[in-house]
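Just so you know, these numbers come straight off a predicted model, no measurement behind them. Atoms within a ligand are numbered from 1 in the order they appear, just like the ligands themselves.
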Amino acid sequence: MNLKEKLENNIRLSYDDALALYDMDLLELGTYASKIREERFGKKTYYNVNRHINPTNICKDVCQFCAYSASRKNPNQYTMTHEEILSTLENSVKNGIKEVHIVSAHNPNTGLKWYLEIFKKIKERYPQLHVKALTAAEIHFLSQEYNKTYQEIIDLMCKYGVDSMPGGGAEIFDEDVRKRVCGGKVTSAQWLEIHKLWHNMDKKSNATMLFGHIETRANRIDHMIRLRDLQDQTNGFNAFIPLVYQKENNFLKVTDFPTAQEILKTFAISRIVLDNIPNLKAYWVTSSIKLALIAQEFGANDLDGTIEKESINSAAGAASANGMRQTEFIDLIKNSGFTPVERDSLYHETATLK
Ligand code: V47
């Protein structure tokens, strides 16, 4: 069977097939990806009302692409107290957030309890709030720093009230590229192992892929296939999130940036190759809202959320520091011909707006 026959008959693609998709015409690729999206979601596009909090930017690791962590490029170190985090949340809860997404740098000075007790405090004050927190990179850091196994950290996360895990820290799985962009932190195998352990607790997580820097198309396909293999075993990933590399204020020397066509192809290919991960998120923060809206025509069915404040990607140049108003989000999705559907963190629909 040739590639087009496989696409027409929804046959799972091999690594070589998947790589060959990049040579296909963009609009043809978009048609195949849209067909899959339409069959599963029709015109619905999911978003959620959430708040991002990044409690510290002091980091033991040095990722070349990161502009957020405190370094000679970003001398403004900070670590929030639990009171500061809770008072930040007070306003957000009044604004109607359903999820708090907490990701920190790898700060060796705070102690393990600072990382964990905040979840318990949030749950005590706002039991209805979904806590999405601690990337596999943070879990790896905490396990090394405090001499605990991954499973012990995961048990503590469950005990302290973490509901789901975000997809950060995956970057790009290819070992050579990974060494160059973020050598020293969680390895690809460890990232996958941590998510597997989390899924084995009957919990959900997301998976990201940082692309548009020094990786090749082949590296992206390899990344997707490693995720697809794990998802076959666990079915624990809710969403795949291709993150477009932002170039400001970091240490990585990149000269060739992906065109909009290349970004859209990557979305469409993700939708086709990751046949077992239900949601494809066009994270508007890194793709820009304009391209995220167009990505709806290339397989994406989720645009993430209102965010309120974003520090990691905005430090590297993304226009996301102040999030987006819910009304604006809804209007943009509607005006692009799709139906905005508010979802909770586990992708249950909470409100559909006609
Ligand atoms: O892992 C860091 C990325 C990630 C840059 O799970 C950069 O729902 C682009 O994972 N250019 C953290 N990206 C953000 C993240 C995330 C975001 C939204 C939703 C979810 C989810 C997860 O940000 C890091 C890293 O890959 N990042 N620097 C940069 N210069």
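Considering His101, Gln64, Glu171 only, the shortest heavy-atom separation from atom 20 (C) of ligand 1 involves His101. Taking all heavy atoms of Met209, Lys247, Gln246 into account, the minimum distance to atom 29 (C) of ligand 1 is reached by Gln246. Of all the listed residues (Leu243, Val103, Asn50), Leu243 holds the heavy atom that lies closest to atom 14 (C) of ligand 1.
Salt bridge Asp163/Lys123: present, at least one basic N to carboxylate O contact under 4.0 Å. Classification of Arg220 and Glu262 as a salt-bridged pair holds, one side-chain N sitting under 4.0 Å from a carboxylate O. Between Asp304 and Lys281 a salt bridge is recorded (basic side-chain N to carboxylate O distance below 4.0 Å). Using a 4.0 Å cut-off between charged side-chain N and carboxylate O, Arg180 and Asp176 make no salt bridge.
Residue contacts with ligand 1 for Pro166 involve both N, CA, C or O and side-chain atoms from C-beta outward (heavy atoms, distance under 4.0 Å). Contacts between Asp304 and ligand 1 below 4.0 angstrom, taking non-hydrogen atoms only, involve the side chain exclusively. Residue-level proximity to ligand 1 for Tyr283 is carried by the side chain, the only part with a heavy atom below 4.0 angstrom.
Checking only distances, Thr286 never comes within under 3.5 Å of ligand 1, N or O to N or O. Residue Gly169 places at least one N or O, backbone or side chain, under 3.5 Å from an N or O of ligand 1. Between Lys281 and ligand 1, at least one N/O pair is under 3.5 Å apart. On a distance-only criterion, Tyr245 and ligand 1 share no N/O pair closer than 3.5 Å. Distances between N or O atoms of Leu210 and those of ligand 1 include no value under 3.5 Å. For Phe65, a nitrogen or oxygen atom sits less than 3.5 Å from a nitrogen or oxygen atom of ligand 1, counting backbone and side chain alike.
Within the structure, ligand 1 lacks Met165 among the residues with a heavy atom less than 4.0 angstrom away. Put simply, no part of Thr135 is less than 4.0 Å from ligand 1, judged by heavy atoms.
Within ligand 1, the atoms closer than 4.0 Å to a non-hydrogen atom of Ala316 are 30 (N), numbered from 1 in the order shown. Less than 4.0 angstrom separates some heavy atom of Gly167 from each of these atoms of ligand 1: 6 (O), 21 (C). Near Gly168, the atoms of ligand 1 lying under 4.0 angstrom from a non-hydrogen atom of the residue are 1 (O), 10 (O). Listed by number with element, the atoms of ligand 1 under 4.0 angstrom from any heavy atom of Ile312 are 2 (C), 23 (O).
For Tyr150 and Trp198, the ring centers are positioned 6.0 Å apart or more. Checked against a 6.0 Å centroid threshold, the rings of Phe237 and His199 count as neighbours.
Met209 places a side-chain heavy atom less than 4.5 Å from the side chain of Phe240. For the pair Gln64 and Asn250, the minimum side-chain heavy-atom distance is 4.5 Å or more.
In this structure, Ser336 and Leu293 approach most closely via the heavy-atom pair OG-CD2, 3.9 Å.
A donor-acceptor contact closer than 3.5 angstrom is absent between the side chains of Glu297 and Ser34. Judged by distance alone, the side chains of Thr110 and Asn107 never bring a donor and an acceptor atom under 3.5 Å apart.
Sorted by first and then second residue, the pairs that involve residues 124-138 and meet salt bridge (Lys or Arg N to Asp or Glu O under 4.0 Å), not counting sequence neighbours, are Glu99-Lys132.
Protein heavy atom at the shortest distance from atom 21 (C) of ligand 1 is Ile241 CD1, 3.3 Å. At the top of the distance list for atom 5 (C) of ligand 1, counting protein heavy atoms only, stands Asn313 ND2, 3.7 Å.
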